[in-house]
Amino acid sequence: MRVDESQSSDNVEDRRGMSGGAMAAGGGILSVVVALVGVFVFGLDPNQAKQLGNVVGGGAGALREKVAGAEAGKQRAPDEVTKFTSAVTRMTEEVWTEQFRELGKKYEKPKVVIFDTQVSTGCGNAPSAVGPFYCPADKKVYFDPSFFDELERKLGGSKAAFSQAYVIAHEVGHHVQNLLGYSARVDAKRGTKQENDYSVRLELQADYLAGCWAYHADRKYHILEAGDLESAVKSANAIGDDRLQTRSKGWTSPESYTHGTSAQRVKAFTAGYKTGDLSKLDMFFEVRSAGDL
Ligand SMILES: [Zn+2]
C-alpha cells in the first residue's frame with residue numbers, strides 16, 4: 001500500500017500511556033466487559049459499544065479525570081503508527097466528504113483515538129481486548145495498535161498495511177452508518193429476536209463501506225499495490241464469526257453470529273471495492289435475512 005504520510009488529519013488523538021493509573025481501580029469492572037464481549041474480533045459492533053456504558057459506567061469518572069490531566073500535558077511526537085493512522089484517516093475524510101456531497105449531505109469527521117491498555121469513551125470504559133470499535137455516542141473510532149501487530153504477525157510485514165487501513169475504514173464505515181441513519185435501524189431491533197441478524201447486516205454493510213472507500217481512495221490516491229486486496233480479503237476471511245467460533249469452541253452456531261461468516265465478509269468488502277456504489281446500501285436491510293447477503 002502506498003501512503004503519503006505527509007498528509008495528516010487533525011482528528012487523530014494519541015492517548016497511549018494515559019490509562020495506567022486508573023487501570024488498577026477499574027480492573028474488576030473491566031473483566032466483566034472482557035467476559036461479555038471478550039472475543040478478538042475487529043469491530044466490537046456499535047450495539048455492543050453502546051452497552052459498554054451500562055456495564056462499566058462506574059469506573060469512567062476516575063479515568064476521565066486522569067485523561068484530562070494528561071491531555072493538558074505535552075503531546076508525544078508522532079510515531080509510525082500515528083503517522084500511518086493520520087494519513088489513512090485523512091483519506092477517509094476526503095473520500096467521505098466528497099461522497100456525502102454527492103448524496104447532498106454534509107460529512108461530519110469522526111475523531112480517531114489511539115490507546116493502549118484501556119480507554120474511557122462516551123460508551124463507557126473499554127479494555128484493548130475488545131479490539132477496534134466505534135462509539136456512536138461520542139462519534140469516535142478507538143483502537144489499540146497492538147491489534148495492528150497481530151495483523152502483521154498473521155499476514156507478514158509489508159502485506160499488513162492495507163489490512164490495517166481496512167480496519168480503520170471498517171470502523172469509519174460504522175460512523176458513516178451512524179450519520180446515514182442505518183445504525184438506528186439496528187438499534188430499533190435491540191432486545192428482539194432479530195437483534196443478531198440486524199447486527200450482521202450492519203457489520204457486512206461496514207465491510208461494504210470499507211470496500212467503497214478503497215475504491216474511491218484508490219482512484220484518488222493510487223494507494224493499492226499488488227497483493228493488497230488479497231491481504232485485506234485474507235484478514236476479512238480470518239475474522240468471520242464461523243472461523244472465530246470454530247477456533248474458540250470447535251463448532252459454530254449461526255444464530256449467534258454478530259459479524260457474518262468469513263465468506264460473507266469477503267463478499268461484502270469485494271462488492272464495495274469493485275463498484276464503490278453507495279446507491280446499493282439499502283440492500284443490506286432489504287433482504288429477508290442476513291443469511292441472504
Ligand atoms: Zn464492525
Side-chain angles (χ1 to χ4, degrees), residues 33 36-52 85 88-89 92 96 110-113 115 119 121-124 126-145 147-148 150-151 163-187 189-190 195-214 232-233 235-245 256-273 281 284-285 290 293:
V33 185
L36 186 74
V37 293
V39 279
F40 187 67
V41 288
F42 82 67
L44 177 65
D45 70 59
N47 262 334
Q48 290 171 314
K50 271 199 178 142
Q51 289 159 12
L52 282 175
T85 303
V88 171
T89 301
T92 64
W96 287 120
K111 297 266 188 238
V112 175
V113 179
F115 71 98
V119 69
T121 82
C123 300
S128 62
V130 301
F133 67 98
Y134 170 71
C135 168
D138 60 16
K139 300 200 175 92
K140 294 183 183 182
V141 168
Y142 294 89
F143 73 91
D144 177 337
F147 185 84
F148 282 0
E150 181 85 4
L151 282 180
S163 294
Q164 294 165 349
Y166 164 43
V167 172
I168 296 170
H170 172 97
E171 298 308 332
V172 170
H174 283 311
H175 175 67
V176 168
Q177 294 172 318
N178 193 14
L179 297 182
L180 294 179
Y182 289 104
S183 315
R185 297 199 201 186
V186 179
D187 284 347
K189 300 289 178 185
R190 218 187 316 165
E195 179 171 354
N196 281 351
D197 186 83
Y198 271 70
S199 164
V200 171
R201 295 168 193 254
L202 196 72
E203 288 304 323
L204 293 175
Q205 194 191 47
D207 285 331
Y208 181 81
L209 286 166
C212 289
W213 169 77
V233 162
S235 44
N237 214 0
I239 53 178
D241 285 323
D242 49 344
R243 289 289 168 83
L244 291 171
Q245 289 189 356
S256 70
Y257 288 174
T258 55
H259 284 69
T261 63
S262 295
Q264 283 180 306
R265 299 198 70 163
V266 169
K267 188 176 155 198
F269 172 77
T270 310
Y273 169 70
L281 290 176
F284 289 85
F285 292 91
L293 287 166

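In each ligand, atom 1 is the first atom listed, and ligand 1 is the first ligand listed.
Counting just the N/O/S atoms of Glu203, the one with the shortest distance to the Zn ion (ligand 1) is named OE1.
Ring geometry for His175 against Tyr134 counts as perpendicular: the plane angle is over 60°, on a 0 to 90° scale with 30° as the lower cut. Aromatic ring pairs are classed by plane angle as parallel below 30°, tilted from 30° to 60° and perpendicular above 60°; the pair His170 and Tyr166 is perpendicular.
Every residue meeting the side-chain hydrogen bond (donor to acceptor under 3.5 Å, both in side chains) condition with Lys111, not counting sequence neighbours, appears here in chain and number order: Asn11. Legend: residues meeting ring pair (Phe, Tyr, Trp, His ring centres under 6.0 Å) with Phe115, ordered by chain and number and at least two apart, are absent.
Angle NE2(His174) to the Zn ion (ligand 1) to NE2(His170): 100° [nearest 10 degrees].
For residue Asp207, no N/O/S atom approaches the Zn ion (ligand 1) to within less than 2.8 Å.
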